[in-house]
Asks: 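What follows is a single structure, and I will ask about it in a moment.
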Amino acid sequence: MAEPVQTPQAAFPTRIFSGIQPSGGLTLGNYLGALKRFVEKQEEGIETIYCMVDMHAITVWQDPVKLRQQTREGAAAFIAAGIDPARSILFNQSQVSAHVELGWIFNCIARMGWMSRMTQFKDKAGKNSENVSLGLFAYPSLMAADILAYKATHVPVGDDQKQHLELCRDIAIKFNNDYGVNFFPIVEPVIEGAATRVMSLRDGTKKMSKSDPSDQSRINLTDDADTIAKKIRKAKTDPEPLPETLDGLKDRPEARNLVNIYAALAGHTPEQVIRDYAGAQFGTFKPALADLAVEKLEPITLEMNRLMQDPAEIDRILGQGADRADAIARPIVDQVYDIVGMVRSRRS
Ligand code: AQP
């Protein structure tokens, strides 16, 4: 094995990559934890590459008709939230084969022990781990390939993805060390802001998730104003009023979650929200939160609905994005084949 090498990060220009699974309709968690920050990164003028990760979605069985619909709907949500397909690259993962090609190579780099420690796998597999797909187990190495096929340096994600990004770093380091190269950057997770982990509206200890069986547990980006208001009104809370300081929310996960959501939607800190609502009952706070959520989400929902009237246009945008993505990823994956020692003799 080759000598370990140091990877000087300055050698890699800043490039952002992130993705969302079309495994259901997008939620407020996906919006605050990911989408909203994808737009902020685009506005900073950094090169941004965003993806509907449909190959990840099928690690759990998906109805093919719904999968296509959800992929288009997710893309519509990106655009409605402010992603400009002319400035960011927006595509769906399965249209760029570099992802799965590099994913296989990373399956041969990642260690079984690393994968076995992934809490998302344990959560999703539950007691059924013998019966889930091999793809679900290997998910993090495909995720590392998604990122490193572009030599992306920064990945905006929700807090739930932190462990997968650490694994992506381990894979990059091991690849560089095993082959004695300085080829892949060591990515930086970008996990910032008030709601990096939005929790279920029914259980403040569980993350809000598009695959939760209870629709009441989440706000979907397709929910109308009435549904949003109703879900927030019915959100689980405790009988106490809001405290005077953030410390007072320590053992109150549901209350803390609503304060965090308010802060993220308003663009304030949770401290500011507590200052404004100290001593308020939920009978006052929940309607204020519902109004704010509707004010911020309704324009996105309306625009998504408008874009979904023309699925061919969404497909065109995804196809064009895939061409641009492929132009970056293809040469990188070709170089990886050279590095690992594959014979490359085809002319085309
Ligand atoms: N509750 C959340 N709070 C903050 N961020 C979240 N994200 C997801 N849920 C929350 C962020 O959204 C991005 C895309 O996530 P994903 O769709 O790839 O997969 P996930 O994290 O597994 O999301 P879900 O909604 O729970 O999907 P299912 O139910 O299909 O597994 C990521 O950046 C994630 O951090």
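Every number for a ligand or one of its atoms is a count from 1 in the order of the listing. Small disclaimer: the values here were computed from a predicted structure and weren't measured. Counting begins at 1 with the first residue of the sequence.
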Asks: Under 3.5 Å, is there a donor on one side chain and an acceptor on the other for T227 and D224?
Replies: yes

Asks: Regarding atom 17 (O) of ligand 1: of the candidates R197, R218, K210, which has the closest heavy atom?
Replies: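 Residue with the shortest heavy-atom distance to the ligand atom: K210.
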
Asks: Closest non-hydrogen protein atom to atom 3 (N) of ligand 1, residue and atom name please, with distance?
Replies: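 Sorting protein heavy atoms by distance from atom 3 (N) of ligand 1 puts V198 N, 2.8 Å first.
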
Asks: Looking at ligand 1, does any of its N/O atoms fall within less than 3.5 Å of an N/O of M199?
Replies: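 No; the residue has no nitrogen or oxygen that sits under 3.5 Å from a nitrogen or oxygen of the ligand.
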
Asks: Going by distance alone, is a donor N or O of one side chain under 3.5 Å from an acceptor N or O of the other, for S88 and T48?
Replies: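 There is such a pair (donor and acceptor under 3.5 Å, judged by atom type) between the side chains of S88 and T48.
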
Asks: Nearest to atom 33 (O) of ligand 1 by heavy atom, P156, S211, G158, S23: which?
Replies: G158

Asks: Verify the distance criterion only: is there a donor paired with an acceptor across the side chains of S23 and Q70 at less than 3.5 Å?
Replies: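 The answer is no; no qualifying pair exists.
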
Asks: Quick test of your reading of the model: are E192 and K41 salt-bridged, counting only N-O distances below 4.0 Å?
Replies: yes

Asks: Got a sec, which residues hit salt bridge (Lys or Arg N to Asp or Glu O under 4.0 Å) with E43, two or more places apart in sequence or on another chain?
Replies: R87

Asks: Output the list of atoms in ligand 1 that are nearer than 4.0 Å to some heavy atom of G19, sorted by atom number.
Replies: 14 (C)

Asks: Among all protein non-hydrogen atoms, which one is nearest to atom 26 (O) of ligand 1, and what is the separation to 0.1 Å?
Replies: S209 OG, 2.7 Å

Asks: Any chance NZ of K122 has more than 12 other-residue heavy atoms, nucleotides or ligands included, within less than 6.0 Å?
Replies: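 Result for NZ/K122: enclosed.
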
Asks: Would you say I20 and ligand 1 have an N/O pair spaced under 3.5 Å apart?
Replies: no

Asks: Can you tell me the protein heavy atom closest to atom 32 (C) of ligand 1 and the distance?
Replies: Q161 CG, 3.9 Å

Asks: Considering only heavy atoms, which of K207, K206, K162 lies nearest to atom 22 (O) of ligand 1?
Replies: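 Shortest heavy-atom distance from atom 22 (O) of ligand 1: K207.
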
Asks: Answer side chain, backbone, both or neither: which part of K124 comes under 4.0 Å from ligand 1, heavy atoms only.
Replies: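 Looking at K124 and ligand 1, just side chain atoms fall under 4.0 Å.
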
Asks: Which of parallel (below 30°), tilted (30 to 60°) and perpendicular (above 60°) describes Y277 and F285?
Replies: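 Y277 vs F285 ring planes: perpendicular.
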
Asks: State whether the shortest distance between N or O atoms of Q21 and N or O atoms of ligand 1 falls below 3.5 angstrom.
Replies: yes

Asks: I need the nearest protein heavy-atom contact for atom 6 (C) of ligand 1: residue, atom name and distance, please.
Replies: G29 O, 3.4 Å

Asks: Can any side-chain N or O of E188 pair as donor or acceptor with the backbone N or O of H154 at less than 3.5 Å?
Replies: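 The answer is no, because no donor-acceptor pair under 3.5 Å joins these two groups.
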
Asks: So is M208 polar-close to ligand 1, meaning N/O to N/O under 3.5 Å?
Replies: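 By distance alone, the answer is yes.
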
Asks: Can you confirm if the NZ or CZ of K151 lies within 45° of the ring axis of F17 and under 6.0 Å from the centre of its six-membered ring?
Replies: no

Asks: Give the residue, atom name and distance (to 0.1 Å) of the protein heavy atom nearest atom 8 (C) of ligand 1.
Replies: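 For this ligand atom, the closest protein heavy atom is N30 ND2, 3.2 Å.
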
Asks: Which ligand 1 atoms, with their elements, are less than 4.0 angstrom from a heavy-atom of A34?
Replies: 12 (O), 13 (C), 33 (O)

Asks: Backbone or side chain, does any N or O of D212 fall under 3.5 Å from an N or O of ligand 1?
Replies: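 No, no N or O pair falls under 3.5 Å.
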
Asks: Is the count of non-hydrogen atoms from other residues, nucleotides or ligands lying under 6.0 Å from R68 atom CZ greater than 12?
Replies: no

Asks: Enumerate the atoms of ligand 1 whose separation from the nearest heavy atom of T196 is less than 4.0 angstrom.
Replies: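 Within the 4.0 Å cut-off of T196, ligand 1 contributes 3 (N), 4 (C), 5 (N).
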
Asks: Identify the residue among V187, I105, I147, I109 that makes a side-chain contact (heavy atoms from CB on, under 4.5 Å) with I171.
Replies: I109

Asks: Taking atom 34 (C) of ligand 1 as the point of reference, which of D160, N260, L35 owns the nearest heavy atom?
Replies: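 Ranked by closest heavy atom to atom 34 (C) of ligand 1, first place is D160.
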
